[in-house]
Amino acid sequence: MIRCKSSWILLSFFLLWSFSSVAQTPGKPVDAEGHQWWQHAVFYEIYPRSFADSNNDGVGDLNGIASKLDYLKDLGVDAIWITPCFPSPQVDFGYDVSDYENIDPMYGTLDDFDALAGAAKKRNIRIILDFVVNHTSDQHKWFIDSRTSRTTEHRDWYIWRDGKGQGPPNNWTSTFGGSAWKLDPATSQYYYHYFYPEQPDLNWRNPAVENAMFDVTRWWYKRGVSGFRLDAVDTLFEDPNLKDNPELPGKTALGDPKQERKFNSKLPEVHDALRGLRKVADEYNGVLIGETWTSDIAELNLYYGKGNNELQLPMDFLFTTVNKLSPADFRKQIAAVDSASGWPTFVISNHDIVRAYDRYGDGQNNDQIAKLMAGLYLTLRGTPIMYYGEEIGMKTTPPLRKEDVKDPVGRIGWPKEKGRDGERTPMQWDSSDNGGFSKAAPWLPVPATAKTHNVADELKDPDSILNFYRKLLKLRRTNRALLDGSYSPINENDQYVLSYLRVYKD
Ligand code: GLC
């Protein structure tokens with residue numbers, strides 16, 4: 001009897017153990033080292049408004065993306081991250097989601113999404129969606145209900161507070177300018193928005209919010225997506241006592257007093273939410289990429305989580321803060337991320353920052369420098385995330401006049417802050433009108449450089465940036481040292497030359 005009981009205990013222990021290891025077990029390794037697909041993959045960020053316009057309304061769409069899958073395959077891309085294509089009033093161009101489980105008609109339909117996913121799968125290209133976890137649109141049904149009364153079902157899905165005296169509950173400012181609180185006349189309380197007022201923050205302390213958001217990811221995994229890029233994860237939680245942030249000297253480009261975001265950014269609770277999202281991801285062998293603006297490697301390590309139970313790919317933005325072609329600065333940053341507790345993720349450009357082409361270009365040798373940067377970050381140990389147009393040397397082209405600015409932050413901050421239109425201009429497919437992006441006038445003008453930097457012409461030129469990327473990505477795909485090898489710097493004191501070995505076994 002006693003023996004029987006103990007074997008039951010042993011058996012249940014074994015079952016529990018094997019169940020939890022199944023839940024945590026990553027998918028099939030792609031090599032003898034046990035690497036997962038996302039460790040060998042090349043990711044490519046697509047800003048759908050600007051990639052390819054299939055219906056000629058001036059805005060890109062999902063069918064447009066589908067029409068370019070062969071181009072992407074040929075380039076050497078394994079996964080595309082599509083920035084938000086869900087229904088949205090487009091105040092922040094999709095980062096204000098009004099329905100997480102649909103496609104904005106501007107981009108197509110769910111059927112178009114399924115067709116895109118099917119066509120991508122045929123080519124072994126995975127789809128990563130952008131999950132805006134911190135906030136919804138003020139037009140989301142949850143918020144529409146939330147603002148109706150102080151006791152309604154979704155009231156506590158957002159952050160509502162009474163004001164202090166005649167003003168907002170505290171001194172927190174929005175990263176897009178002004179107070180982070182907006183008084184809502186219907187209930188005479190303020191709601192909190194880290195970004196635009198049209199992007200109210202979700203209350204992640206409410207388990208109902210957490211569950212609803214986890215379910216959104218399940219819904220898309222079941223539809224065939226391979227993971228998510230998690231938007232603005234630093235900002236998921238706020239101090240429940242709403243302590244004022246410490247003020248810093250000076251003003252921001254938007255004219256607000258600078259402050260240390262001590263009480264509304266990077267709170268430890270963020271990691272509970274990420275562990276929860278990761279558990280769901282593991283049910284589907286999904287990958288989580290994070291928009292993680294860390295200030296050092298210790299912070300980056302927190303995002304990998306203990307035993308790597310949070311994000312598989314927190315982006316190393318410290319790499320993008322190396323502002324000049326300084327071997328010493330890059331060497332330092334590469335060594336730092338190489339020593340991190342998880343797999344490195346390199347990015348040089350995206351839809352929020354000046355393109356690498358301009359960050360490092362000297363105005364004379366920009367194309368050579370663009371190749372140099374590709375040669376650097378595509379040969380490091382880690383996963384690269386490319387940004388559309390980087391492979392042809394697209395240039396950041398900010399608007400020249402305030403009246404042409406589309407990104408609201410550029411209108412608020414003009415002329416100091418011109419917004420992010422410059423890095424979001426339409427993809428340059430050929431030298432025809434509108435760069436082959438659309439037959440109609442595009443939502444942002446096509447830069448004049450489309451005449452010299454475009455896919456069609458660069459494909460024909462063996463020395464083009466595009467052909468450099470294609471060759472390099474081909475090499476990367478088959479070269480064990482580039483895929484799996486270690487990184488060792490070999491000239492640590494040379495101030496002009498950055499060189500390193502990638503060593504695989506012997
Ligand atoms: C992220 C996005 C950015 C957006 C913001 C608010 O930083 O990358 O484009 O404006 O979140 O969602």
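When a ligand or atom number is given, it counts from 1 through the structure's own listing order. Residue numbers start at 1 and run along the sequence shown.
- In this structure a side-chain-to-backbone donor-acceptor pair under 3.5 Å is missing from E417 to W414.
- Below 4.0 Å from some heavy atom of H351 lie the following atoms of ligand 1, by number and element: 2 (C), 3 (C), 8 (O), 9 (O).
- The existence of a salt bridge linking D282 and R275 is excluded, since no basic side-chain nitrogen approaches an acidic carboxylate oxygen closer than 4.0 Å.
- The pair D256-K251 does not count as a salt bridge, with every side-chain nitrogen at least 4.0 angstrom from each carboxylate oxygen.
- Nearest-heavy-atom check against atom 12 (O) of ligand 1 across V133, V409, D407, D231 picks out D231.
- Which parts of ligand 1 touch F176 is read off a 4.0 Å heavy-atom cut-off, strictly below it: atoms 10 (O).
- Atom 7 (O) of ligand 1 has E291 OE2, 2.8 Å as its closest protein atom, hydrogens excluded (heavy atom only).
- Protein heavy atom at the shortest distance from atom 9 (O) of ligand 1 is D352 OD1, 2.7 Å.
- Under 4.0 Å from ligand 1, the heavy atoms of R229 that appear belong solely to its side chain.
- H140 and W142 have tilted rings, their planes meeting at an angle from 30° to 60° on a 0 to 90° scale.
- Per-residue contacts place H135 under 4.0 angstrom from the following atoms of ligand 1 (heavy atoms of the residue considered): 6 (C), 12 (O).
- Looking at atom 6 (C) of ligand 1, its nearest protein heavy atom turns out to be D92 OD2, 3.3 Å.
- Near R420, meaning under 4.0 Å from any of its heavy atoms, are these atoms of ligand 1: 3 (C), 4 (C), 9 (O), 10 (O).
- Contact check on D329 versus K332 returns no salt bridge, with no Lys/Arg side-chain nitrogen under 4.0 Å from an Asp/Glu carboxylate oxygen.
- The aromatic rings of Y191 and W160 lie perpendicular to each other, with more than 60° between the two planes, well past the 30° mark.
- Side-chain atoms of R261 do not come within 3.5 Å of backbone N or O of N245 as any donor-acceptor pair.
- Here is the list of ligand 1 atoms found below 4.0 Å of a heavy atom in R424: 9 (O).
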